[in-house]
Amino acid sequence: MKKILITGVNSYIGTSFQRWVSQYPDKYSVEAISVRDDSWKNRSFLGYDVIFHTAAIVHVNERDTSKYFKVNRDLTLDIAKKAKEEGVKQFIFLSTMGVYGIETGYITKETIPNPKTPYAQSKYEAEKLLLEISSDEFKVSIVRPPLVYGRDCPGNYRRLANLALKLPLFPDIRNKRSMIFIDNLSEFIRILIDLNVNGIFFPQNKEYVNTTKLVRLIVKAHGRKIIISKFFNWAVSIGFRFSSSIRKVFGSYVYDKEIPGSPGAPIDGVSIDYEVKSFERSILYTEGRE
């Protein structure tokens, strides 16, 4: 049995992972701790096989950006060093697709990160420091997920879903986005723990997501209808040049499907498949209809 310690008791991804692996009570023992204060320093890490570090600051007052680096970089490294000193075998760090500093594009394993926000910069700096202390005895697995969605998820998916349920019509846009359903991500983390590997990984759903199709499925899940029309595509095209929010919704932004961690792409010689729900079913589940 593998003993796993999650840092971040209120993390959506952390709590979702803990719930997911509860179906394997004979294989994994999972606990979670808060690292909001220094009490974690008195917690022994002896006996744990894995630290899954999900604790982070995502939004703070932009005039005090030092908090991003204090928590997302410095705290991460302090926890990892303690884990290494006390014999933990694997440290999984939850990073972000945002390290690339763009709203649109095609990301391959050769794409060089160029973070633009304090949040993304602090995550990227943490990545580099963690890789410096990784070893054969202390594996560091860095995960850069795209947009994560699922039932009760926070963030951009829920904002889009709420908007879709209010609009009478929506543009017919042919874009592609990498996204990942929370249970697919949880299964990926579970497999990553079983493989116990060093590296940077890019999990995503098997198929890219088209924003218009996503909106149509959300509305359909609620038994409603929405008019899809190309009439307003010209407005989207204009907004695309001036608004980062428009680019995030309607632009194409994907991971290459051969990138490490993508479904079917090998990790340490092992081809992995972690899609437990198809895209259509995942939307039904997210919207509480399955």
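These values consider heavy atoms only, across backbone and side chains, with no hydrogens, waters or symmetry-generated copies. This structure is a prediction, so every number in the text was calculated from the model and none was measured.
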Phe52 and Phe17 aromatic ring geometry - parallel, tilted or perpendicular at 30°/60° bounds: perpendicular
Stepwise side chain to side chain donor-acceptor pair (under 3.5 Å) test for Tyr149 and Asn205: CA-CA 11 Å; Tyr149 67 97; Asn205 288 347; 3.0 Å; yes
Quiz item: cation-pi between Arg144 and Phe201, 6.0 Å / 45°: no
Which residues share a side-chain hydrogen bond (donor to acceptor under 3.5 Å, both in side chains) with Ser252, sequence neighbours left out: none
Residues Glu287 and Lys220 bridged, charged N to O under 4.0 Å: no
Salt bridge present between Arg177 and Glu103 (N-O < 4.0 angstrom): no
Stepwise salt bridge (Lys or Arg N to Asp or Glu O under 4.0 Å) check, Lys3 with Asp49: CA-CA 5 Å; Lys3 291 189 65 178; Asp49 299 290; over 6 Å; no
Minimum side-chain heavy-atom gap Met97-Phe202 below 4.5 Å: no
Leu284 with Ile180, same ILVMFWY side-chain cluster at under 4.5 Å: no
Asp78/Lys82 salt bridge by N-O under 4.0 Å criterion: no
Min side-chain heavy-atom separation Glu132-Glu127 under 4.5 Å: no
ILVMFWY cluster, Val254 and Val148 together (side-chain gap under 4.5 Å): no
Salt-bridge contact Glu125-Arg73 (side-chain N to carboxylate O under 4.0 Å): yes
Distance under 6.0 Å and angle within 45° of ring axis: Arg216 vs Phe170: no
Distance-only polar pair, side chains of Asn72 and Ser122, donor-acceptor under 3.5 Å: yes
Salt bridge present between Asp194 and Lys2 (N-O < 4.0 angstrom): no
Geometric class of the Phe91/Phe93 ring pair [parallel <30°, tilted 30-60°, perpendicular >60°]: parallel
Neighbour count >12 (heavy atoms, 6.0 Å) for atom NZ, Lys176: no
Heavy-atom check, side chain of Leu5 versus side chain of Val50, under 4.5 Å: no
